[in-house]
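Reviewing the structure listed below.
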Amino acid sequence: MRPAPTVLHLDMDAFFAAAEQAAKPSLRGKPVVVGGLGPRGVVATASYEARRFGIHSAMPMAQARRLAPNAAYLVPRFALYRTVSEQVMELLGRLSPLVEPLSLDEAFVDLEAGGSAADAASARATGERLRRDIRAVTGLTGSVGLAGSKMLAKIASEQAKPDGLVLIEPGTERELLGPMSVRTLPGVGPATGEHLRRAGMTTIADLTEAGEDELVRLVGKAHGTSLYRMASGHDDRPVVAERETKSVSVEDTFDVDLHDRVRVRTEVERLAERCVRRLRESGHSGRTIVLKVRRYDFSTLTRSETLRGPTDDPGVVREAAGRLLESLDTTGGVRLLGVGVTGLTDYTQEDLFAQAAADAEAAGALDEPDPVVVPGEPEPRSDTDAVAVADEVAERHWPAGHDVRHAEFGAGWVQGSGVGRVTVRFEEPTSAVPGRVRTFRTDDPDLELSEPLPLVAVPPDEEAGPRAPV
């Protein structure tokens, strides 16, 4: 623990949805949900207006639609989010050479290493200046947490949401952490949380009262010791500028080749259990399950399955490994088996985006997205009844929410498409009022997809500068 709150954690507020609202004046202040729009799609990000309906990240999109049928449902625009993220990371890089990105919209910064702060007063001033700079450059808001460790800085940024700053003074850690849920601590996922609950531990204060020996007995030496230290407010993890790609795996080589399929399945399940124990001891969860099989002839087969989200649940890993085994022929004999988990990362919106996009594409959801309904306005309709639906429509995809440009009407975004037509709202991020809606044939030669427009107007004297915002 540091004697001064010089570890900063930045978390952009409802990043994907906020970027969409900034780009689309007609959606500002209204519920917006970003994610895969197909039947298997999941929510990547929901605006704060949508969260009032109970919508949250990782929720099935079908459930979100039931909770808020009139919200705007949009396909993610990853290129835009990455560009804005680069601008935010550039601002963080000016504060310190030690910036540890966790995702597109989240990062730790070591202010002490950059000479940006040495005590609580200078740390708070730096955090407030960062928030102002982010709003000026991107038009978006971010929440800042400041503390003497990474764990506490992240907790502080959660308390600061939305659009705030919270500083945790060194020496107040245990009092602050005591009433919080055990799930607040890094490495405590659903499975570990439930295991602790069954042992009568639901708050962080319960962990400190139980003591290190009891936690070691419950969850193992490495994980138990780590939990006790963090519950006591101790977290010595450094801010690292580059995070290595990590994985956890275990494998066994057998003295005699295994021929019995039931025995092979039993060994895979046993390895999965061991792998999860190591995963928990490292304080991580992972998204991709990997099965390795070396056969009697020394040929090695590897299969993997990416889950909908990170997990440290032994049942989930065991079942996934079992499914992978079913796709392999082991009749000739098996001399080695291995189970691993990769993609070890915090539970991030970027992960959800990747899964949502994959689900949506696999289900064909991007071909004809459902129309977007803007709350408080009539459903989109054609400006003229003379728009005819072509018998043979050229295959052009118009993802809901994506940017387009029309030769006559200029820039706009796809409000919905289907049945040979595409509905476009013509407005720009800098428009003073919501734009007009028009409908075209999907094969209209004057309409084409375009690149995102800047979210913030660039002054003429800064157009050639390095901080031109998008």
Side-chain angles (χ1 to χ4, degrees), residues 12-34 45-53 68-77 79-81 83-84 87 132 134-141 162-163 369-387 398-418 421-440 444 446-460 462-463 468-470:
M12 300 294 288
D13 300 320
F15 183 47
F16 294 176
E20 297 297 346
Q21 289 176 318
K24 302 171 173 63
S26 57
L27 297 184
R28 293 170 188 169
K30 297 173 181 177
V32 174
V33 182
V34 178
T45 306
S47 68
Y48 286 98
E49 296 84 357
R51 295 180 190 186
R52 298 191 186 106
F53 293 89
N70 292 326
Y73 291 88
L74 306 175
V75 174
R77 295 190 294 162
L80 170 64
Y81 311 147
T83 301
V84 176
Q87 294 177 327
R132 291 194 298 269
I134 289 175
R135 183 185 287 274
V137 171
T138 70
L140 306 179
T141 64
D163 189 21
D370 295 337
V372 175
V373 178
V374 179
E377 298 186 8
E379 294 188 10
R381 56 174 296 176
S382 173
D383 284 345
T384 172
D385 294 332
V387 177
W398 304 99
H402 279 228
D403 295 275
V404 296
R405 180 168 292 277
H406 190 272
E408 177 182 354
F409 301 110
W413 57 278
V414 176
Q415 192 157 305
S417 68
R421 295 188 298 176
V422 55
T423 300
V424 176
R425 183 179 288 275
F426 289 98
E427 61 184 3
E428 301 182 15
T430 55
S431 299
V433 295
R436 295 190 62 186
V437 176
R438 294 180 181 272
T439 299
F440 309 89
D444 190 317
D446 291 334
L447 187 68
E448 60 182 4
L449 290 171
S450 65
E451 294 298 317
L453 294 172
L455 298 183
V456 176
V458 185
E462 293 185 11
E463 287 181 351
V470 171

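Below, each value reflects all heavy atoms present in this structure, side chains not excepted, and no hydrogens, waters or symmetry copies.
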Open item on the list: Could you check whether any side-chain N or O of Arg28 sits under 3.5 Å from a backbone N or O of Ala22, counting only pairs where one atom can act as donor and the other as acceptor?
Closed with: yes
Open item on the list: Quick check: do Phe15 and Val84 have side-chain heavy atoms less than 4.5 Å from each other?
Closed with: yes
TODO: Kindly give the heavy-atom pair with the smallest separation between Tyr73 and Ala400, and that separation in Å.
DONE: O-CB, 3.9 Å
- [ ] Scan Val75, Asp403, Val404 and name whichever one has a side chain to side chain contact (heavy atoms under 4.5 Å, CB included) with Val414.
- [x] Val404
- [ ] Kindly indicate whether the side chain of Ser26, heavy atoms from C-beta on, has any atom under 4.5 Å from the side chain of Trp413.
- [x] yes
TODO: First locate atom CG of Leu455, then atom OG1 of Thr430, and finally report the distance between them rounded to the nearest 0.5 Å.
DONE: 10.5 Å
Task: Whether His402 side chain and Pro76 backbone form a donor-acceptor pair below 3.5 Å - done: yes
Open item on the list: Please check: side-chain N/O of Arg51 versus main-chain N/O of Ala46, any donor-acceptor pairing under 3.5 Å?
Closed with: yes
- [ ] Mind checking side-chain hydrogen bond (donor to acceptor under 3.5 Å, both in side chains) for Glu20 and listing every partner two or more places apart, or none if nothing turns up?
- [x] Lys24, Arg77, Tyr81
Open item on the list: Just verifying a value: how many Å separate Asp444 CG and Glu408 CD, rounded to the nearest 0.5 Å?
Closed with: 10.0 Å
Open item on the list: If I take atom CZ from residue Arg438 and atom OG1 from residue Thr423, how far apart are they, to the nearest 0.5 angstrom?
Closed with: 12.5 Å
TODO: Determine, stepwise, if the pair Val33 / Leu74 fulfils side-chain contact (heavy atoms from CB on, under 4.5 Å).
DONE: CA-CA 6 Å; Val33 182; Leu74 306 175; over 6 Å; no
Open item on the list: Contact between Val422 and Thr439 at the side-chain level, heavy atoms closer than 4.5 Å - yes or no?
Closed with: no
- [ ] Using atom types as modelled and distance alone, determine if a side-chain donor or acceptor of Asp13 lies under 3.5 Å from a backbone N or O of Asp163.
- [x] yes
Task: Which atom of Ala72 lies closest to which atom of Leu27, heavy atoms considered - done: CB-CD2, 3.8 Å
Open item on the list: Quick one: does any side-chain atom of Glu427 pair with a main-chain N or O of Gly435 as donor and acceptor, under 3.5 Å?
Closed with: yes
TODO: Check whether any side-chain heavy atom of Trp398 sits under 4.5 Å from a side-chain heavy atom of Leu449, and report yes or no.
DONE: yes
Open item on the list: Can you tell me how the ring of Phe426 sits relative to the ring of Phe440, calling it parallel under 30°, perpendicular over 60° and tilted otherwise?
Closed with: perpendicular
Task: Heavy-atom side-chain proximity of Ile134 to Met12 below 4.5 angstrom - done: yes
- [ ] Using distance alone, with no hydrogens and no angle criterion, decide if Gln415 and Arg425 have a side-chain donor and acceptor under 3.5 Å apart.
- [x] yes
Task: Closest contact, heavy atoms only, Val456 versus Gly139 - done: CG2-N, 3.3 Å
Open item on the list: Among residues at least two apart in sequence or on other chains, which ones pass side-chain hydrogen bond (donor to acceptor under 3.5 Å, both in side chains) with Glu428?
Closed with: none
Open item on the list: If you define the side chain from C-beta out and look only at heavy atoms, does anything of Glu49 sit under 4.5 Å from Gln21?
Closed with: yes
Task: Side-chain donor or acceptor of Ser47 paired with backbone N/O of Val32 under 3.5 Å - done: yes
Task: Whether Thr138 side chain and Leu140 backbone form a donor-acceptor pair below 3.5 Å - done: yes
